[in-house]
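A, B, ... follow the sequence lines: proteins, then strands. Residue 1 opens every chain. Worth knowing before you read on, the calculation uses all heavy atoms, side chains too, and leaves out hydrogens, waters and symmetry mates.
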Amino acid sequence: MKDEGEKQVPLYKRIYALVRQVPPGKVVAYGQIARIVGGCSARMVGYAMSALRDNTTTEDLPWYRVINRQGKISLTGEGYAIQRKLLEEEGVRFDEQNHIDWDTFGWLGDE
DNA sequence: CGGCTGACTCTGG
DNA sequence: TCCAGAGCCAGCC
């Protein structure tokens, strides 16, 4: 049986599939996703996100729910404002340091 | 076909 | 507190 069908799927695809499972009003860190997917590091997730750029819509892939371990947005310039706005639209609140509380908005809780 | 780049995270000094 | 190194996939010219 070797039912490891997920292995024949590109690593990025697994990451995207996991991001789609993130519920609204919640956020997840790159490393967190990498940990769930298994076999990949946080960098892989970051690379996967950069590969999306503006070709993917938020309705197809809520990429904006993915932020860094500091609870902040890793994007810079315009992308930062866009992601932050999208998160605020879902109810996610940012601190004065522009970071969110994993205890409140963290998916799965981050212990 | 080859090389470059890109949204991360942890550890040590 | 800041800096450097290691881990490692996919798209583009």
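- Atom CZ of A/Arg14 and atom C1' of C/dC9 are 13 Å apart (whole Å).
- Rounded to whole Å, atom P of B/dC8 lies 13 Å from atom CD1 of A/Ile73.
- Distance CD1 (A/Ile33) to P (C/dC8): 18 Å, rounded to an integer number of Å.
- Residue A/Leu75 is classed as a base contact, given a heavy-atom separation below 4.0 Å to a base.
- Among residues at least two apart or in separate chains, there is no salt bridge (charged side-chain N to carboxylate O under 4.0 Å, His left out) pair with a member in residues 93-106 of chain A.
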Are there any protein N/O atoms within less than 3.5 Å of an N/O atom in nucleotides 9-13 of chain B, and if so, which ones and at what distance?
residue, atom, partner, partner atom, Å
B/dT9, OP1, A/Arg69, N, 2.4
B/dT9, OP2, A/Arg69, N, 2.7

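- Contact annotation: side chain of A/Tyr47 to base of C/dC9, donor-acceptor pair absent below 3.5 Å.
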Residues 84-92 of chain A, side-chain donor-acceptor partners within the protein, below 3.5 Å, at least two apart:
residue, atom, partner, partner atom, Å
A/Arg84, NE, A/Glu88, OE2, 3.4
A/Arg84, NH1, A/Asn98, OD1, 2.6
A/Glu90, OE1, A/Gly25, N, 3.0
A/Glu90, OE1, A/Arg65, NE, 3.0
A/Glu90, OE1, A/Arg65, NH2, 3.1
A/Glu90, OE2, A/Tyr64, OH, 2.7
A/Glu90, OE2, A/Arg65, NH2, 3.1

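- Distance CE (A/Met44) to C1' (B/dC8): 9 Å, rounded to an integer number of Å.
- We find that OH of A/Tyr16 is positioned 14 Å from P of C/dC9, with the value rounded to whole Å.
- The distance between atom CD1 of A/Ile36 and atom C1' of B/dC8, rounded to the nearest whole Å, is 15 Å.
- Closest approach of A/Ala42 to A/Ala34, counting heavy atoms only: N-CB, 3.7 Å.
- Here the rule is side chain to side chain contact (heavy atoms under 4.5 Å, CB included) with A/Trp107, and of A/Val66, A/Val28, A/Ile33, A/Val27 only A/Val28 fits it.
- What you find for A/Tyr12 and A/Ala51 is that their closest heavy atoms are CE2-CB, 4.1 Å.
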Worked verdict on A/Trp63 versus A/Leu75 for side chain to side chain contact (heavy atoms under 4.5 Å, CB included): CA-CA 11 Å; A/Trp63 56 267; A/Leu75 280 164; 3.7 Å; yes
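- With sequence neighbours excluded, the residues satisfying side-chain hydrogen bond (donor to acceptor under 3.5 Å, both in side chains) with A/Thr57 are A/Asp60.
- When all heavy atoms of A/Ser74 and A/Asn68 are compared, the closest pair comes out as OG-CB, 3.1 Å.
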Which nucleotides of DNA chain C pair, in dot-bracket form (Watson-Crick or G-U under 3.5 Å, | meaning another strand): .||||||.|||||
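- In this entry the distance linking OH of A/Tyr12 with C1' of B/dC8 reads 12 Å, nearest Å.
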Candidate pair A/Tyr30 and A/Ile15, rule side chain to side chain contact (heavy atoms under 4.5 Å, CB included), full reasoning: CA-CA 10 Å; A/Tyr30 298 98; A/Ile15 295 170; over 6 Å; no
Steps toward side chain to side chain contact (heavy atoms under 4.5 Å, CB included) verdict (A/Lys72, A/His99): CA-CA 5 Å; A/Lys72 297 170 84 168; A/His99 76 57; 3.4 Å; yes
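- Between A/Tyr16 and A/Ala48, the closest heavy-atom pair is OH-O, 2.7 Å.
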Just the atom pairs and distances: protein N or O near nucleotides 2-5 of chain B's N or O, under 3.5 Å.
none

